[in-house]
Amino acid sequence: MAENSNELMDKLTALCKRRGFIFQSSEIYGGINGFWDYGPLGVELKRNIKDAWWTDIVRKRDDMVGLDCSIIMNPKVWEASGHVSGFADPMVDCKQCKGRFRADKLYFFYLQTPESSAKIKELRQKVASSNLPVLEGEISVQVDHIMRGGVSLSWTIEADASIEKLSMAGDMIQTIQSIAKEKNVGDLKKINLSELRNYSSDYSEITIEGKSGKIYVITVMGYKRAKDMNPLVCPKCLAQNSLTEPRQFNLMLETSLGALQDSSSKAYLRPETAQGIFCNFKNVLDTQRIKLPFGIAQVGKSFRNEINPRNYTFRSREFEQMEIEFFCHPSEADKWYEYWRDVRYNWYITHGLRSSKLRLRNHEKDELAHYARACADIEYEFPFGISELEGVANRTDFDLSQHAKFSGKDMSYFDDEAWEAEKDKYTPDKFGGDAKLAKEAADKAKNAMPFRFTPFVIEPSGGVDRATLAFLCEAYCEDTAPDENGKPQARTVMKFHPRLAPIKLAVFPLVKKEGMPEIARKIYDDAKAAGLAAFYDEKGAVGRRYRRQDEAGTPFCVTVDGQTIQDQTVTIRDRDSLKQERIPAGQVVEFVKKRIG
RNA sequence: GCGGGCGUAAUUCAGUGGUAGAAUGCCAGCUUCCCAAGCUGGACGUCGGCGGUUCGAAUCCGCUCGCCCGCUCCA
């Protein structure tokens, strides 16, 4: 599987280079890590994906509008969004094994008897006095979940203040159980680690009562707490006290504005297009006569200073996003979240990603970012692994509230219609004829739910380059087609959905004589005039020309032959089935247009 | 960021100190009435880059850049 996958990626990258889909950026200078260029075929494919998205998301709907924001924004935007402070990963290195870990995803587990080390007692006291939650009760270890969450676990058993056994996450269940047996703890109840993780960023403990009545405590500590423990164990190599202090890696790409480069000139290349949308929420609302629920769509470049770009174009430092921010009433957010998740998932299937390779993964509660109430990833099974194409999140009113707070501008929405329907409840006669009282009550009601509120946001955020790569992977196909002697020969074909294919139509004269080139040329010109991406080729054997188009993923090839001269019909060949059908030359453009959607 | 592998024509690769190679592709022409491997001819390489060793480096050494794999990472 792994070997085949690599082989497939190698073949695909070679084809992309050879046929002009994707080139390495600055190739003649040795390239640059994390940046890629799209060649003539690649740019058509990518543009078709963006156009299909824009058409389906904006043009065909009446609850969506578009936007195109600047890449560089006032740096305060990124303070409000949390990217300047939060878009950074504290990393811890192990001096022993050179392993690198995210400090905020490291957890240290200690099993202790209540009378064990003073340090833990001290910590527990601190926790008690600081009102931090102390978790007690059910314990279950869901190893799959831990691994998928990318959490590194260090399982340290501390009994009588001396280390007896260490183990990694994969062995945790067995370890806990064997230790429990050894220590005569008896049957361990289940530890629910998804619950644990909510607490373990700081400190939590679970109490287990053994058969003998002896009490054992499992302590879970995040790095911040655990760093004072002795020993502190590397989760990978289990070396003691070998971890460095955390270092910050900020993923924001910086630049500077103006001639002088000092701290006041610092600016950032946006890491997502979303913030431009939030900043323009009021502008759109005030100028478009649009009402909730509605969404704003944007396609554009974003930049992240990835520590380690990998997997061809999948994780690039410069990439393009297709983002929607859909604003709705908080009470309807759940409904719209599910709606968009399904719409976006199905969009990929409609455009040719097989559902067997596409999956929708709902995030566990503990996996959610602090601002999100729900999140689902639309994932594709790439040859190098299952990875995210698009994320759909319910971001609540977090973003608008943040910008309201940081900018001092009102970001609330007033529902005129709802108020119109309700305002009769606040007429003076409802308040014993007291107009003043009625107005006060009306003003109070008006400026609160359900009439005035900060909208919730549903964000479907997709990667254009990731989608392009997925469509490329999905399209790549090796099958067999008969040669001129009817013998099956290997054929490489890119089976793009016709709507996405870079070239829609190729036109050939069967032979380069007897007036065929002229007729073919005319069909080609008509196709170009009609806006179809078409290609004309009269050189060499027709079979070779078909095969070339197969590699480019052209869905239809029209051939002018001897019969055309008699009755003005041509053959049109289907890329996937290789079947040909005769149609009048004048209907070629219409035929293709009908099939590319 | 660590470890491993690799970098020679557009692509896939051979070439282990002595004149830069093959196949495919590409171009021109011929042939060809329908699916690449028929014929003839042709173009194409600062051997990733820089430095060192050597009479001489694609080949050995150092550094560097890039790609791939594993780990790590992916608010």
Side-chain angles (χ1 to χ4, degrees), chain A residues 2-3 5-7 9-11 13-20 23-35 39 78 81-94 97-102 104-105 150 152 235-237 247 249-252 271-272 304-312 314-316 368-372 384 387-388 391 393 463 466 480-493 508-514 516 539-551 557-565 570-571 573 575 578-580:
Chain A
E3 279 171 25
S5 308
N6 298 339
E7 205 182 302
M9 272 321 276
D10 288 347
K11 282 179 178 173
T13 51
L15 184 143
C16 284
K17 173 77 194 293
R18 182 159 38 86
R19 303 303 309 213
F23 305 125
Q24 199 184 358
S25 170
S26 332
E27 191 188 353
I28 61 170
Y29 289 100
I32 177 166
N33 195 348
F35 298 88
W78 309 112
S81 69
H83 284 89
V84 171
S85 59
F87 203 53
D89 300 327
M91 306 294 289
V92 171
D93 292 321
C94 173
C97 67
K98 307 295 178 195
R100 164 167 291 180
F101 316 96
R102 269 182 60 181
D104 59 336
K105 287 203 173 178
S152 303
K236 191 176 169 192
C237 69
R247 287 195 297 160
F249 285 80
N250 195 296
L251 299 178
M252 295 284 278
E272 61 176 27
R304 293 183 190 182
N305 199 5
E306 298 288 352
I307 296 168
N308 191 2
R310 270 293 170 87
N311 289 328
Y312 203 28
F314 185 83
R315 176 168 298 117
S316 301
L368 296 173
H370 62 281
Y371 48 74
F384 48 79
S387 293
E388 180 187 348
R466 292 180 173 192
T480 55
D483 66 10
E484 56 186 348
N485 303 316
K487 221 176 91 185
Q489 299 286 351
R491 174 177 86 129
T492 302
V493 50
F508 312 141
L510 186 57
V511 292
K512 201 170 62 174
K513 57 186 181 189
E514 292 165 26
M516 291 179 202
K539 305 280 177 63
V542 73
R544 187 186 305 259
R545 287 178 263 159
Y546 284 139
R547 296 298 175 86
R548 266 196 287 253
Q549 293 305 315
D550 288 340
E551 275 202 345
C557 293
V558 156
T559 303
V560 170
D561 58 13
Q563 194 180 328
T564 311
I565 293 155
V570 294
T571 59
R573 167 203 187 250
R575 176 196 63 202
L578 302 175
K579 291 222 173 72
Q580 289 180 306

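In what follows, every heavy atom counts, from backbone to side chain, and hydrogens, waters and symmetry copies are set aside. Sequence lines set the chain letters: A, B, ... in the order given, protein chains first and strands last, and positions in each chain run from 1.
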Side chain to side chain, [X] and [Y], heavy atoms closer than 4.5 Å:
| X | Y | value |
| --- | --- | --- |
| A:R310 | A:F384 | no |
| A:R544 | A:K539 | no |
| A:F508 | A:C557 | yes |
| A:N305 | A:M252 | no |
| A:R575 | A:V493 | yes |
| A:Y546 | A:T559 | yes |
| A:R466 | A:E388 | yes |

For [X] and [N], what is the distance between atoms [atom1] and [atom2] respectively, to the nearest whole Å?
| X | N | atom1 | atom2 | value |
| --- | --- | --- | --- | --- |
| A:D10 | B:G5 | CG | P | 18 Å |
| A:F23 | B:G66 | CZ | C1' | 17 Å |
| A:F508 | B:C33 | CZ | P | 17 Å |
| A:M516 | B:C34 | CE | P | 10 Å |
| A:R310 | B:G70 | CZ | C1' | 8 Å |
| A:R304 | B:A75 | CZ | P | 7 Å |
| A:I28 | B:C65 | CD1 | P | 19 Å |
| A:Q24 | B:C65 | CD | C1' | 10 Å |

Handout entry: Ion pair check, A:E7 and A:K11, cut-off under 4.0 Å
Key = yes
Practice task
Kindly say whether A:L510 contributes a backbone atom to a donor-acceptor pair with the side chain of A:R545 at under 3.5 angstrom?
Solution key: yes
Problem - Side-chain (A:R304) to main-chain (A:L251) donor-acceptor, under 3.5 angstrom - result: no
Handout entry: Residue met sooner reading RNA chain B from 5', once A:E27 and A:L510 are mapped to nucleotides
Key = A:E27
Who pairs with [N] - Watson-Crick or G-U, where each distance is under 3.5 Å:
| N | result |
| --- | --- |
| B:U54 | none |
| B:A75 | none |
| B:U59 | none |
| B:C26 | B:G42 |
| B:G70 | B:C2 |
| B:G7 | B:C65 |
| B:G21 | B:C13 |

Return no unless some side-chain N or O of [X] is found under 4.0 Å from OP1 or OP2 of [N].
| X | N | answer |
| --- | --- | --- |
| A:N308 | B:C71 | no |
| A:K513 | B:U32 | yes |
| A:K17 | B:A10 | no |
| A:N33 | B:C65 | no |
| A:K539 | B:C27 | no |

What interatomic distance, in whole Å, is found between [atom1] of [M] and the corresponding atom of [N]?
| N | M | atom1 | result |
| --- | --- | --- | --- |
| B:U8 | B:U46 | C1' | 12 Å |
| B:G1 | B:U59 | C1' | 31 Å |
| B:A23 | B:C30 | C1' | 23 Å |
| B:C39 | B:U32 | P | 15 Å |
| B:G25 | B:U12 | P | 15 Å |
| B:U54 | B:U16 | P | 23 Å |
| B:G52 | B:C13 | C1' | 29 Å |
| B:C69 | B:G45 | P | 31 Å |

Handout entry: Sequence-aligned protein contact record of nucleotides 35-42 of chain B, with B where the base is within under 4.0 Å of a protein heavy atom and S where only the sugar-phosphate is
Key = BBBS----
How would you label the contact of [X] with the nucleic acid (heavy atoms, under 4.0 Å): base, sugar-phosphate, or nothing?
| X | value |
| --- | --- |
| A:Y312 | sugar-phosphate |
| A:E272 | base |
| A:T571 | base |

Handout entry: Under-3.5 Å donor-acceptor pair between A:E514 side chain and B:C33 base
Key = yes
Problem - Nearest-nucleotide pick for A:A14, side chain only, options being B:U12, B:C69, B:U32 - result: B:U12
